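Because the structure is a prediction, the values reported are computed rather than measured. All ligand and atom numbering here is 1-based and tracks the order in the structure. Numbers here simply count residues along the sequence, with the first being 1.
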Amino acid sequence: MTGLTLPDRPTPPEEADDVWLHCIDCGEQHLPFEEVLFTCPDCDGLLEVRYAEYPTFDEFDGDERVWRYSAALPFESGVSLPEGGTQLHEVPRLETDIGVRNLRVKHEGMNPTGSFKDRGMTVGVRVARELNVDRLACASTGNPSAALAAYGARAGLETLVLLPEGNVAAGKIAQASLHGARILEVDGNFDDCLDRVQDLANRGEAYLLNSLNPYRLEGQKTIGLEILERFRDEEGRFPDRIVLPVGNAGNTAALYKCFRELVHSGALAPGDVPKLTGVQAEGAAPMVEAIEEGREDTRRWTDVETIATAIRIGNPVNAPKALPGIRETGGTAVAVSDAEITDAQRDLAGEGIGVEPASAASVAGLRKLVARGEVSTGEDVVCLTTGHLLKDPDAAAAAGNEPEGVPNDTDDILRHLAGQSVGGGLLGRLRRLF
Ligand SMILES: *Cc1c(COP(=O)(O)O)cnc(C)c1O
Ligand SMILES: [Zn+2]
């Protein structure tokens with residue numbers, strides 16, 4: 001571990017109370033709720049939410065969901081369904097099979113709309129209300145649009161989602177549609193959709209709720225807080241490593257920020273910070289490339305392809321926030337093939353945990369890193385599974401067992417189960433007649 005870059009000593013801009021926005025490029029500070037800001041007005045750099053004080057674990061209370069952690073968030077409460085408090089499953093067979101000391105799976109598919117995006121939206125839509133905007137928008141590979149549609153509906157606000165035509169899983173479109181979002185199918189890929197929605201936001205036409213929005217990442221920090229609290233309570237220590245799928249790298253940035261803030265408050269010793277380990281699909285791996293080549297930022301991949309549509313992203317907007325997180329925590333990044341992703345999806349399903357393809361990338365990546373000897377067998381690891389199986393029913397059906405046709409006859413069914421041929425053939429029909 002090379003040590004974490006701590007937030008600067010808090011020096012709030014004049015007139016700010018205890019929350020403000022800090023540009024990670026030029027260091028300029030901005031008042032949070034005066035005007036609508038997505039990037040730094042001075043240099044267009046990424047903004048980060050800063051606080052006058054960072055909490056310790058003692059300051060969190062209430063039920064185990066996102067707003068339990070309000071001491072680490074810009075508000076006391078939000079537009080809530082409620083979200084967070086997801087299971088940290090034990091997976092004994094997979095743990096033995098992959099070969100690490102302790103493997104847990106944090107299943108974010110159990111959030112209200114079936115992905116971790118809900119954690120960001122409960123905070124982001126709360127901020128939208130504070131700013132009195134009347135239209136919300138996001139570009140989406142699917143899950144952000146499902147989450148924004150639901151939280152926008154909850155808040156009574158108009159919602160617009162921009163999706164890449166033909167590349168969004170069925171469950172996600174169904175959610176956005178029924179929750180009442182206007183769905184614009186753009187003739188382009190996800191990165192094109194994000195360009196368009198940023199233009200709309202810059203022209204004042206909509207409030208942007210992609211992970212470029214720094215408040216979404218505040219909500220997503222609670223994934224890290226929940227993992228650390230739960231793991232410590234159950235195992236008496238913190239996990240060595242957190243492995244997660246990476247698309248726009250918002251979650252990676254959010255976990256890194258969570259750790260820095262806890263180190264800053266003294267709640268987490270620098271030596272106890274889990275190693276952040278990102279997994280991408282081979283067909284969309286600009287973060288892996290940047291880590292391997294030691295680059296400060298990612299190169300934009302224009303042609304991206306993978307079964308894991310939620311991480312089919314060629315230009316990860318949060319790379320400048322996430323790359324230092326992977327490096328400073330001593331983590332790494334790895335790419336996995338679609339076949340490895342599907343195998344991991346089946347492995348998880350075999351432990352009763354149903355996830356969409358992108359989610360399984362974390363487990364596929366861990367398996368690969370252990371096999372390569374880059375992750376030691378003595379480690380305690382938490383894999384994040386980001387979205388629910390039903391998000392992408394087509395991928396699940398393709399990866400799973402084929403339905404088997406049988407006659408409407410118990411004896412025939414028993415013969416079929418015993419491996420004897422029955423059914424629609426002439427023999428089967430004759431047998432049923434006599
Ligand atoms: C959004 C999403 C990701 C990618 O998360 P980033 O924060 O963009 O890296 C991964 N898996 C699923 C299911 C998602 O919805
Ligand atoms: Zn700036």
Ligand 1 N/O within reach of Lys117 N/O, cut-off under 3.5 Å: yes
Residue Asp134 excluded, over 12 heavy atoms near CG under 6.0 Å: no
Ser211 heavy atom under 4.0 Å from ligand 1: no
Where ligand 1 meets Ile311 - atom numbers and elements under 4.0 angstrom, heavy-atom basis: 3 (C), 4 (C), 10 (C)
Expected output: side-chain Thr342 to main-chain Asp338 donor-acceptor under 3.5 Å: yes
Closest protein heavy atom to atom 5 (O) of ligand 1, given as residue, atom name and distance to 0.1 Å: Phe116 CZ, 3.4 Å
Worked verdict on Glu356 versus Ser359 for side chain to side chain donor-acceptor pair (under 3.5 Å): CA-CA 6 Å; Glu356 66 166 292; Ser359 309; 4.8 Å; no
Among Arg237, Arg104, Glu235, side chain to side chain contact (heavy atoms under 4.5 Å, CB included) partner for Asp380: Arg237
Ligand 1 versus Ala249: contacting region, heavy-atom distance under 4.0 Å: backbone
Any N/O pair Thr386/ligand 1 closer than 3.5 Å: yes
Check ion pair Arg299-Glu289 (N to O, under 4.0 angstrom): yes
Residue of the set Glu218, Gln220, Glu108 for which side chain to side chain donor-acceptor pair (under 3.5 Å) holds with Arg119: Glu108
Glu356 N/O under 3.5 Å from ligand 1 N/O: no
Shortest protein contact, atom 4 (C) of ligand 1 (heavy atom only): Gly247 N, 3.6 Å
Protein-derived N, O or S atoms lying under 2.8 Å from the Zn ion (ligand 2), waters excluded: 4
Evaluation steps, ring pair (Phe, Tyr, Trp, His ring centres under 6.0 Å), between Phe33 and Phe75: CA-CA 12 Å; Phe33 308 119; Phe75 294 99; 5.4 Å; yes
Option among Thr385, Thr386, Thr86 that satisfies the side chain to side chain donor-acceptor pair (under 3.5 Å) test with His107: Thr385
Subset of ligand 1 atoms that lie under 4.0 Å from at least one heavy atom of Val246: 9 (O)
Stacked cation flag Arg232 on Phe57, 6.0 angstrom / 45 deg: yes
4.5 Å side-chain heavy-atom contact, Arg367 and Glu340: no
Polar proximity ligand 1 side, Asn248 side, N/O cut 3.5 Å exclusive: yes
Closest approach of any protein heavy atom to atom 7 (O) of ligand 1, naming residue and atom: Asn251 N, 2.8 Å
Residues Lys221 and Glu261 bridged, charged N to O under 4.0 Å: yes
Proximal atoms of ligand 1 relative to Ala358 (non-hydrogen, under 4.0 Å): 11 (N)
From CA spacing to verdict: salt bridge (Lys or Arg N to Asp or Glu O under 4.0 Å), Glu226, Lys106: CA-CA 9 Å; Glu226 283 181 14; Lys106 173 91 169 150; 2.5 Å; yes
Within-cut-off N or O pair, Asn143 and ligand 1, under 3.5 Å: yes
